[in-house]
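Values below: every heavy atom of this structure, side chains too, minus hydrogens, waters and symmetry copies. Numbered from 1 within each chain, the chains take letters A, B, ... in sequence-line order.
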2 protein chains.
Amino acid sequence: MPDGDQKKPSRIQTRNRLVILDAALNVFSQHGYRGATLDQIASEAGLSKPNILYYFQGKEDIHLTLLSQLMETWLDPLVELDPEGDPQTEILDYVQRKLDMALDLPRESRLFAGEILQGAPRMGPHLESDLKPLFDQKCEVIAGWSAAGKIAPINPQHLIFSIWATTQHYADFAAQVTVLLGADTDPYQTASEHLRLMFSAVLRIKN
Amino acid sequence: MPDGDQKKPSRIQTRNRLVILDAALNVFSQHGYRGATLDQIASEAGLSKPNILYYFQGKEDIHLTLLSQLMETWLDPLVELDPEGDPQTEILDYVQRKLDMALDLPRESRLFAGEILQGAPRMGPHLESDLKPLFDQKCEVIAGWSAAGKIAPINPQHLIFSIWATTQHYADFAAQVTVLLGADTDPYQTASEHLRLMFSAVLRIKN
DNA sequence: GTAAAATTTTACCATTTGGTAAATACACGA
DNA sequence: TCGTGTATTTACCAAATGGTAAAATTTTAC
């Protein structure tokens, strides 16, 4: 009997929890927390509403589960930024990884964006405990590179904000990007080139 | 008798419509379209729910009114980008105007972001009819500058996306920015300097 | 001041919402 | 194949939702 189960889950349990979370990701990322309904999630998952509440304690539980799982994936590209590597390469590769992620996992990007947009009411603590320490640490790495003259002088915090903003834009504002570029245009190639060019220019040391 | 009124509005009408739209902007920008409730808007406006429906045809009418009014304001900084001006100055000033707007009108930025995030279900037509023509026109201006060697070679479409993304980030992701910079830090000064530096570097012609 | 028009309130209503209880169907190891 | 725990369905519920009808109040024009 699942819900707050401690024992090892059955095959059915594993499968259905995945199905529900996938359906919930669709609905939450499209309508936000309050705009999403359990009926819609149930319908999309092909299960009945009470059946969904057999696997999760409630709406908030599903949302929180999604956000927690997402946080790890989301932070991963930044974790991989290597203080020992070549600064230019490290940062440009980070941009690339973030862009890849935005284009591979647009629903996750939108779920995250929606939560932050609404003031991070259910994720504030996670930001403080998971994101902030990593952010501070990597900012110091970049600041070090900057101070050592390996990249141009730059504000590390705002640099990271700019990387997040420009890459996630292609997922979060896809509806707008599609209208403006034309529905048939695939933005990936051109976006990748543009971002590489832009952040190269930012990091390049002036002579 | 308002609602779909044609005659010139009374003082009370003018005032109450403004009060309602302001309250609705709070609620819609925080919870998205589906997450917002008329009761909440009414409560925030200090009016009763039926009284609100005396001034607007319904929830969607309020939302649509907000979005229509916003579109003009939102496009204005781009309209002002002058094809006859100095390219560097024009683009950097545009960045500054967008940043100012994000920080002055964060609710409007979030309302817009929320609508796009959800696939622009109520604004798709406006994007096609209002935004796209302006976007295309200004892209050609920038492409012209680029081709004439007045700024570095760059993809105008993605350059504009990057400007939008980086500036609006400070409004749309304010909850995250606040956590990461510390609640006491005002990002305006540093953000402004960073963006100026970054887009300067991007536009500068390599020797 | 008074009548007509504009505004606001009161009292509703049908539907949708998140969630529950209990009965039923199913899986699976003995 | 049988019994036991697992999974699912059926039938609900109270609260919240968007919206309406009509009465009551206030404003405005004369």
Side-chain angles (χ1 to χ4, degrees), chain A residues 1-28 30-67 114 118 121-122, chain B residues 1-28 30-67 114 118 121-122:
Chain A
M1 40 162 57
D3 217 42
D5 210 345
Q6 304 288 12
K7 301 154 180 58
K8 59 183 171 186
S10 71
R11 267 169 288 152
I12 295 176
Q13 244 172 92
T14 313
R15 173 174 51 84
N16 279 353
R17 281 185 72 99
L18 278 174
V19 166
I20 292 168
L21 286 174
D22 187 70
L25 181 54
N26 282 336
V27 179
F28 279 128
Q30 198 167 39
H31 298 291
Y33 179 74
R34 282 182 53 175
T37 73
L38 284 179
D39 291 279
Q40 222 178 326
I41 294 171
S43 154
E44 197 128 343
L47 298 172
S48 68
K49 183 166 59 176
N51 202 5
I52 280 189
L53 293 166
Y54 174 72
Y55 290 102
F56 291 91
Q57 307 214 32
K59 188 183 177 182
E60 187 156 16
D61 184 26
I62 302 177
H63 194 246
L64 223 63
T65 303
L66 276 176
L67 287 176
Q118 299 181 0
R122 281 162 295 278
Chain B
M1 37 154 71
D3 219 41
D5 210 346
Q6 304 289 12
K7 301 151 181 61
K8 58 184 169 185
S10 72
R11 269 169 287 151
I12 294 176
Q13 244 172 92
T14 312
R15 172 174 51 84
N16 279 354
R17 282 185 71 99
L18 277 175
V19 166
I20 292 168
L21 286 174
D22 187 69
L25 181 54
N26 283 336
V27 179
F28 279 128
Q30 200 168 38
H31 298 291
Y33 179 74
R34 282 182 53 175
T37 71
L38 284 179
D39 290 280
Q40 224 178 323
I41 294 171
S43 155
E44 197 129 344
L47 298 172
S48 67
K49 182 165 61 176
N51 201 5
I52 281 188
L53 292 166
Y54 174 73
Y55 291 102
F56 290 92
Q57 307 215 30
K59 188 182 175 180
E60 187 157 14
D61 183 26
I62 302 177
H63 194 246
L64 223 64
T65 303
L66 276 175
L67 287 176
Q118 299 181 359
R122 282 163 294 279

**OP:** Please report, rounded to the nearest Å, how far the P atom of C/dT9 is from the OH atom of B/Tyr54.
**Re:**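 Going from B/Tyr54 (OH) to C/dT9 (P), I get 12 Å.
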Subject >> Nearest-0.5 Å distance that lies between atom OG in A/Ser48 and atom CG in A/Leu38 >> reply: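 Between atom OG of A/Ser48 and atom CG of A/Leu38 there are 11.5 Å.
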**OP:** Whole angstrom is fine here: how far is it from CG in B/Asn51 over to C1' in C/dA11?
**Re:**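 Distance check: B/Asn51 CG to C/dA11 C1' gives 16 Å.
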Subject >> Interatomic distance where CG belongs to B/Leu53 and P belongs to C/dC12 [whole Å] >> reply: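 Going from B/Leu53 (CG) to C/dC12 (P), I get 19 Å.
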Subject >> 5'-most by nearest nucleotide on DNA chain D - A/Ser48 or B/Arg34 >> reply: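 Mapping each residue to its closest nucleotide by heavy atoms, the 5'-most match is A/Ser48.
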Subject >> Interatomic distance, B/Lys59 NZ vs C/dT15 C1' [rounded to whole Å] >> reply: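 B/Lys59 atom NZ is separated from C/dT15 atom C1' by 14 Å.
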**OP:** Answer with base, sugar-phosphate or nothing: what part of the nucleic acid does B/Ala36 contact at a heavy-atom distance below 4.0 Å?
**Re:**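 If one applies the 4.0 Å heavy-atom cut-off, B/Ala36 turns out to touch the sugar-phosphate alone, with no base involved.
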**OP:** Starting at atom NE2 of A/His31, determine the distance to atom P of C/dT17, rounded to an integer number of angstrom.
**Re:**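 For the pair A/His31 NE2 and C/dT17 P, the rounded distance is 11 Å.
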Original post:
Is any N or O donor-acceptor pair between the side chain of A/Lys49 and the base of C/dG18 shorter than 3.5 Å?
Top reply: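 Yes.
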Original post:
Backbone N or O of B/Gln40 within a donor-acceptor pair of the B/Lys49 side chain at under 3.5 Å?
Top reply: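 Here the side-chain-to-backbone pair does not exist.
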**OP:** Verify, without hydrogens or angle tests, whether B/Arg17 (side chain) and B/Tyr55 (backbone) share a donor-acceptor contact under 3.5 angstrom.
**Re:**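 Checking the backbone N and O of B/Tyr55 against the side chain of B/Arg17, a donor-acceptor pair under 3.5 Å is found.
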Subject >> Any B/Gln13 side-chain N or O less than 4.0 Å from OP1/OP2 of C/dA6 >> reply: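 The answer is no; no side-chain N or O of B/Gln13 sits under 4.0 Å from OP1 or OP2.
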Original post:
Over how many whole Å does the gap from A/Ile52 atom CD1 to D/dA7 atom P extend?
Top reply: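 From A/Ile52 CD1 to D/dA7 P: 15 Å.
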**OP:** In whole angstrom, give the distance that lies between atom CG of B/Asn16 and atom P of D/dT26.
**Re:**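 Rounded to whole Å, this separation is 15 Å.
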Original post:
Quick one: A/Phe56 CZ to C/dG18 C1', roughly how many Å, whole number?
Top reply: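 Distance check: A/Phe56 CZ to C/dG18 C1' gives 16 Å.
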Original post:
For the atom pair CD (B/Glu44) and CD1 (B/Ile20), what is the distance rounded to the nearest 0.5 Å?
Top reply: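 If I round to the nearest 0.5 Å, the distance is 12.5 Å.
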Original post:
Between the side chain of B/Thr65 and the main-chain N/O of B/Asp61, is any donor-acceptor distance below 3.5 Å?
Top reply: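 Yes: the side chain of B/Thr65 pairs with the backbone of B/Asp61.
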Original post:
Counting just side-chain N and O atoms, does B/Tyr55 come under 4.0 Å of either OP1 or OP2 of C/dT8?
Top reply: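 B/Tyr55 to C/dT8 OP1/OP2: side-chain N or O found under 4.0 Å.
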**OP:** By nearest nucleotide on DNA chain C, pick out whichever of A/Pro50 and A/Asp39 is the more 5' one.
**Re:**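 The residue whose closest nucleotide sits nearer the 5' end is A/Asp39.
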